Amino acid sequence: KRKKMEGERTQPFTVQEADSDKITKKQLVDYLQQNGNNALLGKFNLRGSSANVTKRAKKDDLVKAYKELFEQKLFRTEKDDEEAAKAKDDKANRPPPKKEAYVPVEEETKPSVPTFTKTISKAGNGSSYPQKGDRVSIWYTGKLEDGTVFDSNVEKGGGKRGKGAPTPLKFEAGKGRLVKGFDDAILEMSKGEKAQITIPGEFAYGKKGKPEAKIPANATLIFEVELIEIQ
């Protein structure tokens, strides 16, 4: 049984030795945890496993605690042991925290960073918006930030066909048929709306770019878009 008589406490090593390489942090932690009272342990954050305390504690603080232990006679007593045991029992008997109710989330959530910005040049009807999977028809012109047009279906011979009369682009909205920023923007346009859509590189063609269309890596894309039909 641990001796509690203060008169019997003698320093196993001097403060100078404690502050030297001769005494390790673990030796100090072990001694302080075994001999320091609860107030000392709390003041210097010495509660917990010896390994964890040794890892997080600074040697200077341990030396200071060791010095105070003897200068202020902050030795451990039976009362400290009783208080520690009671605290341990209270923690063990504490009811477990209530689990938060499970809230299902949608399979897909919007990223915290906007995938596009939109400037409206002509308002739509404000009531008919495409839903995911709706087939939409649009006119569009895609440009780089320097004004270079890389794709368009507005001019005669424009778009992928490369010949003939202009033809609206038709695709399923929100299904990932086009780049992420463009896909998201279409879902927020109403029928008849014209807008300029600016898409950061990370939500366009990213690091790879699209060499065949002369789109550099991480290029910001600017589209002039008109939503003409929703099916």
Side-chain angles (χ1 to χ4, degrees), residues 1-117 145 176 179-181 184 198-209 216-220:
K1 195 174 183 179
R2 184 191 298 115
K3 294 181 179 179
K4 308 294 180 183
M5 298 287 293
E6 291 183 2
E8 296 178 9
R9 303 300 176 96
T10 57
Q11 287 185 326
F13 39 83
T14 66
V15 173
Q16 289 75 19
E17 288 174 329
D19 198 22
S20 70
D21 294 336
K22 182 179 179 181
I23 304 299
T24 65
K25 284 171 57 177
K26 187 177 187 313
Q27 286 176 293
L28 281 168
V29 169
D30 288 344
Y31 187 84
L32 289 167
Q33 287 185 331
Q34 292 171 11
N35 295 278
N37 64 17
N38 292 336
L40 182 75
L41 299 184
K43 178 179 178 180
F44 289 94
N45 194 21
L46 299 175
R47 293 193 179 96
S49 71
S50 174
N52 288 339
V53 174
T54 301
K55 186 175 180 179
R56 69 171 180 257
K58 294 181 179 179
K59 182 73 177 285
D60 291 345
D61 291 336
L62 295 175
V63 173
K64 187 176 180 181
Y66 181 75
K67 185 178 180 182
E68 287 190 15
L69 173 66
F70 286 94
E71 286 184 346
Q72 301 179 30
K73 299 187 183 302
L74 303 176
F75 300 114
R76 194 162 193 80
T77 65
E78 289 181 355
K79 183 179 179 181
D80 290 298
D81 288 339
E82 291 170 0
E83 289 176 352
K86 184 177 184 302
K88 188 175 182 180
D89 289 341
D90 290 344
K91 184 176 181 181
N93 295 326
R94 190 181 304 156
K98 292 182 179 180
K99 292 185 177 180
E100 294 184 5
Y102 171 72
V103 179
V105 296
E106 293 183 1
E107 194 172 310
E108 293 183 11
T109 57
K110 289 187 177 181
S112 58
V113 178
T115 61
F116 68 93
T117 56
E145 287 183 293
V179 295
K180 174 67 176 171
D184 290 347
T198 303
I199 305 172
E202 63 182 306
F203 300 114
Y205 291 103
K207 295 178 181 179
K208 293 182 178 180
N218 300 313
T220 295

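Keep in mind that this is a model prediction, so the values were computed, not measured. Along the sequence shown, the residues carry numbers beginning at 1.
When all heavy atoms of Q11 and V15 are compared, the pair lying nearest together is NE2-CG2, 4.0 Å. Between I199 and T115, the shortest heavy-atom distance links the atoms CG2-O, 3.7 Å. Taking both residues in full, the closest heavy atoms of A65 and L46 are given as CB-CD1, 4.4 Å, listed atom of the first, atom of the second, then distance.
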I would like to know whether K180 and D184 meet salt bridge (charged side-chain N to carboxylate O under 4.0 Å, His left out); could you show each step before the answer? CA-CA 6 Å; K180 174 67 176 171; D184 290 347; 3.4 Å; yes
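Applying the salt bridge (Lys or Arg N to Asp or Glu O under 4.0 Å) rule to pairs touching residues 11-21 yields E17-K22, sequence neighbours excluded. Identified under the salt bridge (Lys or Arg N to Asp or Glu O under 4.0 Å) test for residues 27-50, with sequence neighbours left out: K26-D30, K43-E68.
Residues V63 and L28 have side chains in contact (heavy-atom distance under 4.5 Å, counting atoms from C-beta outward). K79 has its side chain out of reach of N37: every pair of non-hydrogen atoms, C-beta onward, lies at least 4.5 Å apart.
Legend: residues meeting side-chain contact (heavy atoms from CB on, under 4.5 Å) with E145, ordered by chain and number and at least two apart, are T220, I222. Among residues two or more places apart in sequence or in another chain, the salt bridge (Lys or Arg N to Asp or Glu O under 4.0 Å) test is passed with K58 by none. By the side chain to side chain donor-acceptor pair (under 3.5 Å) test, S20 pairs with no residue at all, sequence neighbours left out. Applying the ring-ring contact (aromatic ring centres under 6.0 Å, His included) criterion to F70, with sequence neighbours excluded, gives Y66, F75. Contacts of Q72 classified as side chain to side chain donor-acceptor pair (under 3.5 Å), with partners at least two apart in sequence or in another chain: none. In this structure, the side-chain contact (heavy atoms from CB on, under 4.5 Å) partners of K25, at least two apart in sequence or on a different chain, are T54, K59, L62.
Considering CG of N45 and CG of D61, their distance stands at 9.5 Å, rounded to 0.5 Å. Rounding to the nearest 0.5 angstrom, the gap separating the CD atom in E78 from the CZ atom in R76 is 11.5 Å.
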Please set out all donor-acceptor pairs under 3.5 angstrom arising from side-chain atoms of residues 200-207, sequence neighbours excluded.
none

